[in-house]
Amino acid sequence: MFGVSKSFTWALIVRCLNGFFTGGTVVIRPIIAEISDDTNRAHMMSMFMLIWHVGAMLGGAIGGLLADPVKNYPWLFGNSVLFREYPYLLPCLVGASIGLFGLVVGFFCLEETLIVKPSTSPINSAMSETTPLVSEAQREEGICETNTTLKPLSKWDILTPTVIRILVTNAGLYIAVVMHNQIYPIIAATDIANGGLGMDAQAIGFTLTLCSAFI
């Protein structure tokens, strides 16, 4: 949809939809936590961030090298009416194909970790959502008094020095990512007379790939 944009309004709407439907980064962490254990969870989380940076590197290269294929690759796309009308459609199609491939692989290869098996116990079968977990007799005997001794942690108790350092580091990383993905391309595409760098799409994609390798 973004590749067929002809106005800023349509491009902005598609960009908002892109962010609205991009929930993979939120879902992938619980998935990794469920399919891993204490022996390999830290390694798998670090691999996720590594693959994320690899994707950022390849994304910049794909966007820059495949933009405006009629102009940059006339021997291959010189007669294409579609890409002449929509010069940025090809990198969007490649990115969408990669996302579709990941969707298909995840749908068929990612096993469900929350498997609910029907209980054959007569006690559990007689219970429902409204059945109390503690009977009145247990309440009278004071079995549940131990729950009152647990003091819930406040938000200030959770903010330990280690947690604060992690939050600050993560915030700084995401600020750098936003500057890299959003602010830098605008400056790079602006004319030199207006204070920019005057780069074309290929040069911007190449520099984004180099920056992603260091970030």
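It should be emphasised that the depicted structure is a prediction, and the values quoted were computed from it without experimental measurement.
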J.: Would you check if L66 and L93 make a side-chain contact, meaning some heavy-atom pair closer than 4.5 Å?
T.: no

J.: To the nearest 0.5 angstrom, please state how far the CD1 atom of I187 sits from the CG atom of N194.
T.: 12.5 Å

J.: Within the side chain of R84, is there an N or O that forms a donor-acceptor pair under 3.5 Å with the backbone of G78?
T.: yes

J.: Please find the pair of heavy atoms, one from G3 and one from Y86, that lie closest to each other, and give the distance.
T.: O-CB, 3.6 Å

J.: Minimum heavy-atom separation for M45 and R29, please, with both atom names.
T.: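 Nearest pair, atom of M45 first, then R29: CE-O, 3.5 Å.
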
J.: Are I98 and I51 in one and the same hydrophobic cluster, where Ile, Leu, Val, Met, Phe, Trp and Tyr link if side-chain heavy atoms are under 4.5 Å apart?
T.: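 No: no chain of side-chain contacts under 4.5 Å links I98 to I51.
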
J.: Can you name the closest pair of heavy atoms from S36 and N40 and give their distance?
T.: CB-OD1, 3.3 Å

J.: I'd like to know whether V14 forms a side chain to side chain contact (heavy atoms under 4.5 Å, CB included) with V4, so could you lay out the CA-CA distance, the side-chain angles of the two residues, the decisive distance to 0.1 Å, and finally the verdict.
T.: CA-CA 10 Å; V14 174; V4 296; over 6 Å; no

J.: Would you say CZ of R41 has more than 12 non-hydrogen atoms from neighbouring residues, nucleotides or ligands within 6.0 angstrom?
T.: yes

J.: Which distance, rounded to the nearest 0.5 Å, do you find between the CD1 of I186 and the CD1 of I204?
T.: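 One gets 10.0 Å once the value is rounded to the nearest 0.5 Å.
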
J.: First locate atom CG of L197, then atom OG1 of T190, and finally report the distance between them rounded to the nearest 0.5 Å.
T.: 8.0 Å

J.: Drop me the distance from I166's CD1 to T160's OG1, to the nearest 0.5 angstrom.
T.: 7.5 Å

J.: If you count every heavy atom of other residues, nucleotides or ligands that lies below 6.0 Å from D37 atom CG, does the total exceed 12?
T.: yes

J.: Please say whether more than 12 non-hydrogen atoms of neighbouring residues, nucleotides or ligands are located less than 6.0 Å from OH in Y88.
T.: no

J.: Can you give me the closest heavy-atom contact between Y184 and T207, atom names plus distance?
T.: OH-OG1, 2.7 Å

J.: Same hydrophobic cluster for F101 and F107, using side-chain heavy-atom links shorter than 4.5 Å among ILVMFWY?
T.: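 Unlinked, F101 and F107 end up in two clusters.
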
J.: With rounding to the nearest 0.5 angstrom, report the SG to CD1 distance, C92 to I62.
T.: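 Output value for this atom pair is 11.0 Å.
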
J.: For I158 and V163, which heavy atoms make the closest approach, and how far apart are they?
T.: O-CG2, 3.6 Å

J.: For the hydrophobic clusters of this structure (ILVMFWY residues joined by side-chain heavy atoms under 4.5 Å, transitively), does one cluster hold both W75 and V81?
T.: no

J.: What's the separation between atom CG in L103 and atom CZ in F108, rounded to the nearest 0.5 Å?
T.: 9.5 Å

J.: Counting distance only, does the side-chain N/O of N72 pair as donor-acceptor with the main-chain N or O of A67 below 3.5 Å?
T.: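 Confirmed, N72 side chain pairs with A67 backbone.
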
J.: Using every non-hydrogen atom in the two residues, find where P69 and P87 come nearest and quote the distance to one decimal.
T.: CD-O, 3.3 Å

J.: Check whether W10 and L17 end up in the same hydrophobic cluster, where Ile, Leu, Val, Met, Phe, Trp and Tyr are linked by side-chain heavy atoms less than 4.5 Å apart.
T.: yes

J.: Could you give me the CA-CA distance, side-chain angles and deciding distance for F77 and K71, then say whether side chain to side chain contact (heavy atoms under 4.5 Å, CB included) is met?
T.: CA-CA 8 Å; F77 300 99; K71 176 182 177 181; over 6 Å; no

